[in-house]
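Notes for the one structure printed next.
To find a chain, count down the sequence lines: A is the first, B the second, and so on, and within it residues start at 1.
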Amino acid sequence: MPKPKPRVIYWFRTDLRLHDSPALKAALGLKPECLYPIWTWDPHYVYHARVGPNRWKFLLDCQNDLSKSITKLNSKSKLLLIREAPQTLFPKLFKEWKITHLVFEKDTDAYARERDEKVVELAKKAGVEVIIKTGRTLYDPDELVKQNKGKPTMSITQVQAAGAKIGSIPRPIPSPKSLPDPGTTNLSFVQDKPANNPDINSTQRNAEESSYTGLAGPNNDFSIPTMSELGLKEATTPHRGGESIALKMLASIIANEDYTATFEKPKTAPTAFDPQATTLLSPHLHFGSLSAREFYWRVQDVVTNYKGRASQPPTSLTGQLLFRDMYFGAQAALGYAFGQTYNNPHCRFIPWHLPSTIHPGSGLITGEYQIDDAEAEVFFRRWKEGRTGFPWIDALMRQLRTEGWIHHLGRHAVACFLTRGGCYVDWERGAEVFEEWLIDHEAACNIGNWQWLSCTAFFAQFYRCYSPVAFPLKWDKEGEFVRRYVPELAGFDNKFIYEPWRAPIVDQKRWGCLVRGDGTESAEEDGKVKMYPKPMFDFKERRDVCIRGMKNAYKIGLHGDDPKVLDGSWRELFDDKAAGPTEGSKGPPGAMVEEEDGVGAGCENADGHEEVDHKSPPNPPARKKGASAKSDTKKRTHKREASQGTLDGIVTRKKNKA
DNA sequence: TTCAGGGTTGTGCAC
DNA sequence: TGTGCACAACCCTGA
């Protein structure tokens, strides 16, 4: 009896493309009788990760574009959106569609690993063969770690050395010319509707989320959900997703040989907009609408043939991709611990303000944080809402919120400002905001960059501090970037554009904007004159406080896995007057602060601060000098459950203590 | 074991 | 307008 022809599911995840897909090539290599291109509507992304409307929009763009491209190759085919968690869906789907093979691209994100392990186990039980290929990064992150003596890749030289041992980066694979038909798409089984608790993304919606109404969608046609079906607020980003756009953008970059071959990241202006100074391909790399290897080799070929002097890694374009691989290698080796200080052997312990709450069972951060200091909470809110009173910082945060993208050096500026160079607030708070707002949010890179900028890992020269005045001045003396994103200040003279509080009142009036208050007052209160807040602190003063705090923490030299960090007794080593929550000699795990009313007490509706609403909620009162940090302690319902990957609420996360 | 040199992307001043 | 250096001082790598 002849062997039946394979019936294959190709499971799309972070590889929303047809070009350069080793996994798709493997699927087609099976010469299947039918190929089902599917996307499982993972409740993690819908409910449990922090995903703002702009990134949602980008994802839906990518899916729609991919689906069209599939249909172009086979009019009977398209991307089949199935509205259920992969962990419950697959066993039923395997049976219903008589599947013989499941093929997908490897994903080393902490959650993705767990999800995929579970799916592989289910496939094995169902007698389905699983094929997994690497294609998301230049190198397989696990292989990179292996060649780095089993350790996380913490520097670019380590990546280059380990990469050299692995061998050359694979050349990209062309897109397929045709695709097999899908088989019958009947779904006779019952949908397991996923739980929507916790629904972290509720703040992203202004209508009911209804994407789980039926396995194949509202019209039973496997359609890609719409923003309104998801109940999401309007997306405001001008940036669009999809493989077609990504390849066009790449082609236009490659066509400019000088730009491609001589690109040096530190020399690109963070103040440039329309057009920006860098490629803006990062969101496409995130969703896989552009292959990193395609990008690498298209650039490398230009560099090889370039007649002039080409730039080199790490500052060159290919160097940027090596940094991406470095962070993937660090994450691959450390798993969930990579995304937090607590229990992370490679992350320096600094007693930042607003520390994360640690789940006592798993040792993982819960997504909630402790307000150890009311002033720090005010700093954090004003930072997030773009009303610090420092125009450079506020312009960046407003660009981030509305457009979902800011230049890499802009990210440096705001990250340094929030952590070691201003507010002394935990880097995990900043990483959460970026996670919510960035359209190119890549867990590994976001976490790694926040650790870099806060000098807790990867980088240690904490005395190199970005000034919110001097740094932008280097790039944009006229303050055009500020005028674009902080229009209240559009009329200000160049001399005061980064320090508007120094302008004489008479000039402020003449230029149509008064510098006063904290940014919560309505602009109309003064007739036609607009208002811009006063700076929330004296930068030089805060910089000195922060550097002293950092110096002290470095001297004490704890890392996230130190027993004193794990049990809270690190306090014995820090002076009560040091920056951060340092009072007393012992406390709960990590940098958490003891709660007056015990675990679980406190503010239930704290998510109100997620809203950028200058009228509400009011800022908490500043802490009186000498008052106990305890008295200000509140538990926030600020959830970030499993934000490092795409965790599904149905599957319980492994304990991280092993 | 020690120590010089380098580390993608600081600031402020002198020349 | 650009370059070089002090500032105060971190870690890691390799000789």
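Between the side chains of A:Thr237 and A:Asn54, no donor-acceptor pair is found at a separation under 3.5 Å. Counting only N and O atoms by type, the side chains of A:Asp394 and A:Tyr485 include no donor and acceptor under 3.5 Å apart.
Ion pairing between a basic and an acidic side chain is recognised when a charged N comes within 4.0 Å of a carboxylate O; A:Glu480 and A:Arg483 show no such pairing.
Taking atom C1' on both C:dA9 and B:dG5, the two are 14 Å apart, rounded to the nearest angstrom. Atom name P, nucleotides C:dC7 and B:dG7: the rounded distance is 22 Å, in whole Å. Across C:dA8 and B:dT8, the matching P atoms stand 25 Å from one another, rounded to whole Å.
At a threshold of 4.0 angstrom between heavy atoms, the contacts of A:Trp452 include nucleobase atoms, whether or not backbone atoms are also involved. Nucleic acid contact for A:Glu264: none, since no nucleic acid atom lies under 4.0 Å from a heavy atom of the residue. Using a 4.0 Å heavy-atom criterion, one finds that A:Phe471 contacts the sugar-phosphate atoms exclusively.
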With 3.5 Å as the limit, what N/O pairs link the protein to nucleotides 3-7 of chain C?
none

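To the nearest 0.5 angstrom, A:Arg411 atom CZ is 7.5 Å from A:Leu400 atom CG.
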Once base and sugar-phosphate atoms are separated, protein heavy atoms under 4.0 Å mark nucleotides 9-15 of chain C, 5' to 3', with B, S and - as BBS-S--
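Summarising the geometry, the separation between CZ on A:Arg420 and P on B:dG10 is reported as 9 Å, rounded to the nearest angstrom.
Taken together, the paired segments of DNA chain C that extend over three or more consecutive Watson-Crick or G-U pairs, each closer than 3.5 Å at both contacts, are B:2-7 with C:10-15, B:10-15 with C:2-7.
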